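Because the structure is predicted, anything quoted here is derived from the model rather than measured. Along the sequence shown, residues are numbered consecutively beginning with 1.
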Amino acid sequence: MVQGRIRRLGLAAVVAALACGCAPQHAAKNTTTRSEAAPSGVVAGAGEPHYGSAVPPLGSPSLSPAVTGKTVLVVGDSWSASIGQGMSEVGSSRNTVVNAGLGGCGILLPVGKETPETCRKWPTQWPSHLEKYKPDATLLTVGFWDVVPQRLARDEEALDLTSPAHEKAFRDRLNQAISILTSRNTPVYLMTSQQVGHPQYRSSALVMNRVLREASAKQPAVRLLDLRGQLCNDDECPEVLAGTRVYDPTDHPTKPARARLANWALNEMFAKDGA
């Protein structure tokens, strides 16, 4: 059933995402302000573009009329759920948004009770979503949960993606996710991590972004949405952009910010180069 062109699954997923207090082991609440986040002159990571000091655009102010009659499946973490909620708010009158983003859920599948059982079900749940809803495109965002230190085996130390073993594990899971999400020849859009703006996560987020860029360069059906470039330049990730406060108290986009990010993402999916 569809209510107001928003799948009931989407509403439930958004509520779960924004209400979930779960986190991987050793994932501390972020308390860093973005004015402190990336000191001026920070060098971009390998494969990372240089953004200079230009003010980031914070998405798009409006949704293209070309974005009509489309179905989008949103999967990943709470940022994915938040942007999916924005997609519903700006585009559900003429599109269908299936929001299956979940707070506290990446794709790494770490061990331990810190990871809810629902987070471990994506390898079986996503194929069923694809079969049921037959989306025109899929959005995957895991830019927070999979950059923080996690344990991939019960007897090992919690490490982040700067560990070669954890980078490989993330790459392997990403390839699995891409294989699932493109199985119906559906394009999948990967969002880069904005966590480069936080000193404690920056190095791990740069690894993630490199892996995402490499994946998008290898397969035509895998496309990159540079969320980091929408929120940050080489100097900082401003708290206010385009006259809009970007982050709410939970460190997710505010309603106006997620609307602009949703417009941008949908326009990139369906209104660019004749898509």
Side-chain angles (χ1 to χ4, degrees), residues 2-14 17-18 56-102 126 129-130 132-143 177-178 181-182 184-194 212 215-216 219-232 241-244 246-248 252-275:
V2 180
Q3 182 179 8
R5 298 293 290 165
I6 304 174
R7 300 288 188 185
R8 289 185 183 274
L9 170 64
L11 293 176
V14 169
L18 300 183
L58 185 63
S60 303
S62 61
L63 186 66
S64 169
V67 185
T68 300
K70 304 297 185 181
T71 297
V72 182
L73 171 63
V74 179
V75 295
D77 60 17
S78 57
W79 263 76
S80 211
S82 182
I83 293 171
Q85 185 176 12
M87 288 179 171
S88 294
E89 291 163 351
V90 304
S92 64
S93 63
R94 59 181 193 261
N95 302 279
T96 300
V97 176
V98 182
N99 194 346
L102 290 171
W126 293 358
H129 295 336
L130 293 168
K132 182 175 182 178
Y133 299 110
K134 298 176 176 57
D136 297 291
T138 300
L139 173 67
L140 171 62
T141 307
V142 290
I178 288 171
L181 296 174
T182 60
R184 299 178 56 88
N185 297 318
T186 303
V188 58
Y189 289 80
L190 309 177
M191 275 193 172
T192 56
S193 175
Q194 79 284 6
L212 295 175
S216 68
Q219 301 183 49
V222 181
R223 301 163 192 180
L224 197 73
L225 290 176
D226 190 11
L227 179 63
R228 178 252 198 263
Q230 295 297 313
L231 299 172
C232 312
L241 290 169
T244 300
V246 180
Y247 305 96
D248 70 14
H252 294 84
T254 61
K255 183 174 181 178
R258 73 182 180 232
R260 290 183 63 98
L261 292 172
N263 286 334
W264 159 70
L266 289 169
N267 289 345
E268 288 290 309
M269 288 176 175
F270 303 118
K272 186 178 180 182
D273 298 330

May I ask you to decide if [Y]'s main-chain N or O and [X]'s side chain share a donor-acceptor pair within less than 3.5 Å?
{"X": "Asn95", "Y": "Lys70", "value": "yes"}
{"X": "Ser92", "Y": "Glu89", "value": "no"}
{"X": "Asp136", "Y": "Thr71", "value": "yes"}

Compare all side-chain heavy atoms of [X] with those of [Y] and state whether any distance is below 4.5 angstrom.
{"X": "Leu102", "Y": "Asp77", "value": "no"}
{"X": "Pro57", "Y": "Gln230", "value": "yes"}
{"X": "Pro61", "Y": "Arg260", "value": "yes"}
{"X": "Val72", "Y": "Leu266", "value": "yes"}
{"X": "Gln194", "Y": "Trp79", "value": "yes"}
{"X": "Tyr247", "Y": "Leu231", "value": "yes"}
{"X": "Val97", "Y": "Met87", "value": "yes"}
{"X": "Leu139", "Y": "Ser80", "value": "yes"}

As an exercise, state the distance from [atom1] of [X] to [atom2] of [Y], rounded to the nearest 0.5 Å.
{"X": "Thr186", "Y": "Leu73", "atom1": "OG1", "atom2": "CG", "answer": "9.0 Å"}
{"X": "Asn263", "Y": "Glu268", "atom1": "CG", "atom2": "CD", "answer": "11.5 Å"}
{"X": "Gln219", "Y": "Thr182", "atom1": "CD", "atom2": "OG1", "answer": "6.0 Å"}
{"X": "Leu225", "Y": "Thr192", "atom1": "CG", "atom2": "OG1", "answer": "8.0 Å"}
{"X": "Leu63", "Y": "Trp264", "atom1": "CG", "atom2": "CH2", "answer": "14.0 Å"}

Problem set entry | Intermediate values then yes/no, side chain to side chain contact (heavy atoms under 4.5 Å, CB included), Ser193 and Arg228 | CA-CA 6 Å; Ser193 175; Arg228 178 252 198 263; over 6 Å; no

If I compare all heavy atoms of [X] with all of [Y], which pair ends up nearest, and what's the gap?
{"X": "Gly84", "Y": "Asn99", "answer": "C-ND2, 3.3 Å"}
{"X": "Ala259", "Y": "Val90", "answer": "CB-CG1, 3.7 Å"}
{"X": "Ala257", "Y": "Thr244", "answer": "N-CG2, 3.8 Å"}
{"X": "Leu212", "Y": "Met191", "answer": "CD1-O, 3.4 Å"}
{"X": "Thr68", "Y": "Pro65", "answer": "OG1-O, 2.7 Å"}

Exercise. In terms of side-chain heavy atoms, does Arg258 have a donor or acceptor partner in Ser82 at a distance below 3.5 Å?
Worked result: no

Exercise. So, Ser64 versus Asn267: side-chain donor-acceptor pair below 3.5 Å or not?
Worked result: no

Problem set entry | Worked verdict on Ile83 versus Val74 for side chain to side chain contact (heavy atoms under 4.5 Å, CB included) | CA-CA 9 Å; Ile83 293 171; Val74 179; over 6 Å; no

Exercise. Can Arg223 and Ser216 be said to form a side chain to side chain donor-acceptor pair (under 3.5 Å), step by step?
Worked result: CA-CA 5 Å; Arg223 301 163 192 180; Ser216 68; over 6 Å; no

For this session: Check whether more than 12 heavy atoms from other residues, nucleotides or ligands sit under 6.0 Å from atom NZ of Lys134, and answer yes or no.
Result: yes

For this session: Please test Leu190 against Val222 for side chain to side chain contact (heavy atoms under 4.5 Å, CB included), starting from the C-alpha separation and ending with a verdict.
Result: CA-CA 7 Å; Leu190 309 177; Val222 181; 3.5 Å; yes

Problem set entry | Verdict with reasoning, Leu181 to Trp126, per side chain to side chain contact (heavy atoms under 4.5 Å, CB included) | CA-CA 7 Å; Leu181 296 174; Trp126 293 358; 3.8 Å; yes

